[in-house]
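Down below is the structure, laid out as structure tokens.
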Amino acid sequence: MSTKKTSQSEALFERSQRSIPGGVNSPVRAFKAVGRSPLFIKKAQGAWITDADGNSYIDYVGSWGPMILGHAHSAVIEAIREAAGAGTSYGAPTELEALIAEEIIAAVESIEKVRLVSSGTEAVMTAIRLARGFTGRDLIVKFEGCYHGHSDGLLVKAGSGLATLGTPDSAGIPADVARNTLVLPYNDPESLAKAFAEKGGDIACIIVEPIAGNMGCVPPQPEFLRAMRDLTTKHGSLLIFDEVITGFRVAYGGAQELLGIKPDLTCLGKIIGGGLPAAAVGGRADIMERLAPLGAVYQAGTLSGNPLAVTAGLTTLRLLKELNPYAELEQRAAKLEQGLRDAAGEVGVPATTNRVGSMLTAFFAEVPIVDWPTAKKSNTDQYAAFFRAMLDQGIYLAPSQFECAFVSYAHTEEIIEKTIKAAHAALREITA
Ligand code: HOZ
């Protein structure tokens, strides 16, 4: 039983279930994996979110990644307000789109041209079509536990909400589509080499989360990334980094800057929309120029490059460049990671923490978490109990073991300390 009053959230959940499948517009929000009904959110500010009953929580979901500056940053909100006054959508090009494209190109070394879309799913869909159009091949390689949005060919052994629900393959995907997706284990260069030795000439691309975030945070082993780059180059396939989570999160230039590997195409989302729906695919000019209207690979969108979304994204990117918060984010997230480890150690609960910069996951597991089979060894019941106890302590974590916690610039030292204290109390409670 929650110690907080949640009757408004419960009533809203009841009501939403009558008109929305499962009461939510994205499955993981339903809290199914953590054994309680979801909180309905009324507002958010800085590191805090407030639910419909007026309870405030320190938020580590951060809209699943975009809110790196914290919620409702005054400069972002002001810019959106001003942009809204000039109209909300034109379906025609704007200077803003060139500005954000230039910003992205300057930030991400491998990107020479960018196409803006509205969601990460769309960015990935476009990147895969481009890779197929460019190479004239059908087969794509993805990794078990990685999630790349909900387009047909990528919902095969996927992470995120699918992992949470225990249904890694969605119904409704034609077998003809699924057969063009080759799924390999994450962090396993040998399997990759074998797949390329057998089918290299048919593989259009590898798509990968260079730092996995959708089976919980799982860092890549350097030889895995190196093998990907070498094999795709050798076999004339393309390497696509899905940096929807990691772009502008782990470094201004994304995971590729941090890890020193240059993909051919990159998918961006989340942070580049500053909390509004914007995403992008970018990469080598010779590939990007295959997109219509220059080339034969078609992609379009009424709200692509939407002026409000681009304004929010551009303002966020410029602030990130100006503040350069990455060292501080690293330090605060490291403190949180150590605090969670200590809290688990205090009560003797086996836990493995994985972290890259400001994205982290505490797995309730005894083994190192390096891929989906090891992530799956986590004690998800224990995570659910921890999640509920943390909510009672005023901390809002991801409602699934297989997601990341995101630390934002608004998570001050004091907030981190409060969180660690809450984790000690929560773990004591669930192990008492
Ligand atoms: N795919 C997101 C988690 N990795 C969930 C999106 C949402 O529910 O908002």
Side-chain angles (χ1 to χ4, degrees), residues 9 12-13 16-17 20-34 36-41 44 49 51 57 59-68 71 117-125 142-152 154-170 186 207-218 242-247 249-250 255 267-279 309 354 356 358-361 363 372 375 378 380 383 387 396-408:
S9 278
L12 285 169
F13 191 42
S16 298
Q17 286 178 91
I20 299 171
V24 293
N25 284 310
S26 192
V28 73
R29 297 180 196 177
F31 278 27
K32 271 192 139 173
V34 288
R36 52 159 298 159
S37 58
L39 296 178
F40 277 60
I41 305 305
I49 49 165
D51 70 12
Y57 302 85
D59 176 27
Y60 286 95
V61 175
S63 185
W64 304 95
M67 311 318 302
I68 190 165
H71 292 283
V117 293
S118 298
S119 72
T121 293
E122 251 189 281
V124 167
M125 233 168 64
K142 82 172 279 289
F143 300 97
E144 202 182 4
C146 285
Y147 176 75
H148 305 287
H150 62 278
S151 64
D152 281 357
L154 293 162
L155 285 185
V156 188
K157 293 206 164 63
S160 189
L162 289 102
T164 301
L165 297 177
T167 53
D169 305 298
S170 169
Y186 196 77
I207 181 150
V208 65
E209 292 182 86
I211 298 161
N214 284 293
M215 51 179 143
C217 178
V218 180
D242 179 344
E243 293 228 45
V244 168
I245 289 179
T246 53
R249 159 71 54 188
V250 295
C267 301
L268 295 166
K270 303 209 190 258
I271 289 174
I272 70 157
L276 291 186
N354 279 355
V356 181
S358 55
M359 52 191 278
L360 74 150
T361 303
F363 294 92
W372 176 236
S378 305
T380 51
Y383 181 83
F387 170 88
Y396 186 83
L397 298 172
S400 162
Q401 171 71 96
F402 306 117
E403 302 282 357
C404 291
F406 295 105
V407 174
S408 83

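Computation of the quantities below employed the complete heavy-atom set of this structure, encompassing side-chain atoms and omitting hydrogens, waters and symmetry-equivalent molecules. Whatever order the structure lists them in is the order used to number ligands and atoms, beginning at 1.
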**Report entry** Check: W372 ring centroid to F143 ring centroid under 6.0 Å
**Finding:** no
Report task. Kindly write out the residues that satisfy side-chain hydrogen bond (donor to acceptor under 3.5 Å, both in side chains) with S378, not counting sequence neighbours, or none if the list is empty. Result -> none
Query raised in the report: Taking only residues two or more places apart in sequence or in another chain, which ones pass ring-ring contact (aromatic ring centres under 6.0 Å, His included) with Y186?
Result: F224
Query raised in the report: Does any non-hydrogen side-chain atom of E209 lie less than 4.5 Å from one of H148?
Result: yes
Report task. Answer whether the closest heavy-atom distance between the side chains of I245 and F406 falls below 4.5 Å. Result -> yes
Report summary line: Residue shell for ligand 1, any heavy atom closer than 4.0 Å, reads S26, V28, R29, W64, Y147, S160, N214, E403
**Report entry** Residues in ring-ring contact (aromatic ring centres under 6.0 Å, His included) contact with F387, at least two apart in sequence or another chain
**Finding:** F31
